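What follows is a single structure, written as structure tokens, with notes after it.
What you are looking at is a predicted structure, and each value in this text was computed from that prediction instead of being measured. Counting from 1, the numbers follow the sequence of the chain as shown.
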Amino acid sequence: MKNRINYFKVAPEALEKIMEMEKYVKKTPIDRKLRELIKIRVSQINGCSYCIQMHTKEAKKLKVSGEQIDQLSKWKETNIYSENEKAALQLAENITLISEKGVDEELYNQVRKYYDEKEYINLVMIINQINMWNRLSISAGNKANMELND
């Protein structure tokens, strides 16, 4: 299926701003592997197959273990993620489902055990950025079309 809209072509000014934020989140000191795990998990929740494939491919390039990628949708039920990764993944889920889950004091304090104020805001920006990409991609009809083994 062909994409509905080439949003880069139709709204270049808007995409320029989005790409500025993308540059910001790529420069944060948050671990690159964790950033990709967050992007995959948020994309799983949102059902964005295009983004799942793109970020899985990127995670593999960064040497994220296949086990961590494969178990990501069940991260709470496994011990292959560190406590700081689990805190970040929980934050990602709660922000992605903010109307259902919110971010209460308990979660905030849990995340802050591992991340300072700036890192916390950087995590929030990474999570919001992938949520924005998911929503843009899904509404424009982007479909996954690449091999994960590339």
Quick one: do [X] and [Y] end up in the same hydrophobic cluster if we chain Ile, Leu, Val, Met, Phe, Trp and Tyr together by side-chain heavy atoms under 4.5 Å apart?
X: Ile95; Y: Leu89; answer: yes
X: Met132; Y: Ile30; answer: yes
X: Ile127; Y: Tyr114; answer: yes
X: Met54; Y: Val42; answer: no
X: Ile52; Y: Ile138; answer: no

Checklist entry - Does atom NZ of Lys101 have more than 12 heavy-atom neighbours from other groups under 6.0 Å away? => result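 More than 12 heavy atoms, drawn from other residues, nucleotides or ligands, come within 6.0 Å of this atom.
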
Next on the checklist: Does Glu67, at its CD atom, have more than 12 non-hydrogen atoms belonging to other residues, nucleotides or ligands within less than 6.0 Å?
Outcome noted: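 No - once you tally the heavy atoms of other residues, nucleotides and ligands closer than 6.0 Å, there are 12 at most.
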
Side-chain touch [X]/[Y], heavy atoms, less than 4.5 angstrom:
X: Ser137; Y: Tyr7; answer: yes
X: Asn134; Y: Tyr50; answer: no
X: Lys86; Y: Gln110; answer: no
X: Arg112; Y: Glu117; answer: yes
X: Ile18; Y: Gln129; answer: yes
X: Asp104; Y: Leu107; answer: yes
X: Phe8; Y: Glu16; answer: no

Item to check | Identified side-chain hydrogen bond (donor to acceptor under 3.5 Å, both in side chains) counterpart of His55 within the set Lys39, Arg41, Glu36, Gln44 | outcome: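 The option that passes is Glu36.
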
Rounded distance [0.5 Å steps], [atom1] in [X] versus [atom2] in [Y]:
X: Ile126; Y: Tyr24; atom1: CD1; atom2: OH; value: 8.5 Å
X: Lys23; Y: Thr28; atom1: NZ; atom2: OG1; value: 15.5 Å
X: Ile40; Y: Lys57; atom1: CD1; atom2: NZ; value: 13.0 Å
X: Gln68; Y: Leu34; atom1: CD; atom2: CG; value: 9.5 Å
X: Glu93; Y: Glu100; atom1: CD; atom2: CD; value: 11.0 Å
X: Lys27; Y: Glu22; atom1: NZ; atom2: CD; value: 12.0 Å

Item to check | Charged N-O contact under 4.0 Å between Arg35 and Glu119 | outcome: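 Looking at Glu119 together with Arg35, the answer is no, because their closest N to O distance does not fall below 4.0 Å.
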
Next on the checklist: Check this for me, if you would: do Glu58 and Lys33 make a salt bridge, where the nitrogen-to-carboxylate-oxygen distance has to be below 4.0 angstrom?
Outcome noted: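 Not counted as a salt bridge, because no side-chain N and carboxylate O are separated by less than 4.0 Å.
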
Checklist entry - Between Tyr120 and Tyr108, what is the ring plane arrangement, given parallel below 30°, perpendicular above 60°, and tilted in between? => result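 If you compare the ring of Tyr120 with that of Tyr108, the planes turn out perpendicular.
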
Next on the checklist: Please check this pair: side chain of Tyr81 against backbone of Leu72, looking for a donor-acceptor N/O pair closer than 3.5 Å.
Outcome noted: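 Yes, Tyr81 side chain to Leu72 backbone: donor-acceptor pair under 3.5 Å.
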
Checklist entry - Which pair of heavy atoms, one from Ala59 and one from Ile69, lies closest together, and at what distance? => result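 That would be CB-CD1, 3.9 Å.
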
Item to check | side chain to side chain donor-acceptor pair (under 3.5 Å) partners for Asn131, two or more places apart | outcome: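 With neighbours one apart ignored, the set is Asn46, Thr96, Arg135.
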
Next on the checklist: Run the side chain to side chain donor-acceptor pair (under 3.5 Å) test against Ser82 and tell me which residues pass, sequence neighbours left out.
Outcome noted: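 By the side chain to side chain donor-acceptor pair (under 3.5 Å) rule, Ser82 matches Asn84, Glu85.
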
Next on the checklist: As a quick check of understanding, evaluate side chain to side chain contact (heavy atoms under 4.5 Å, CB included) for Lys74 and Thr78, giving each step before the final call.
Outcome noted: CA-CA 7 Å; Lys74 303 289 186 195; Thr78 179; 5.8 Å; no

Next on the checklist: Run the side chain to side chain contact (heavy atoms under 4.5 Å, CB included) test on Leu123 and Ile38 for me, step by step, so that the C-alpha distance in whole Å, both residues' side-chain angles and the decisive distance to 0.1 Å come before the verdict.
Outcome noted: CA-CA 9 Å; Leu123 285 169; Ile38 288 168; 3.7 Å; yes

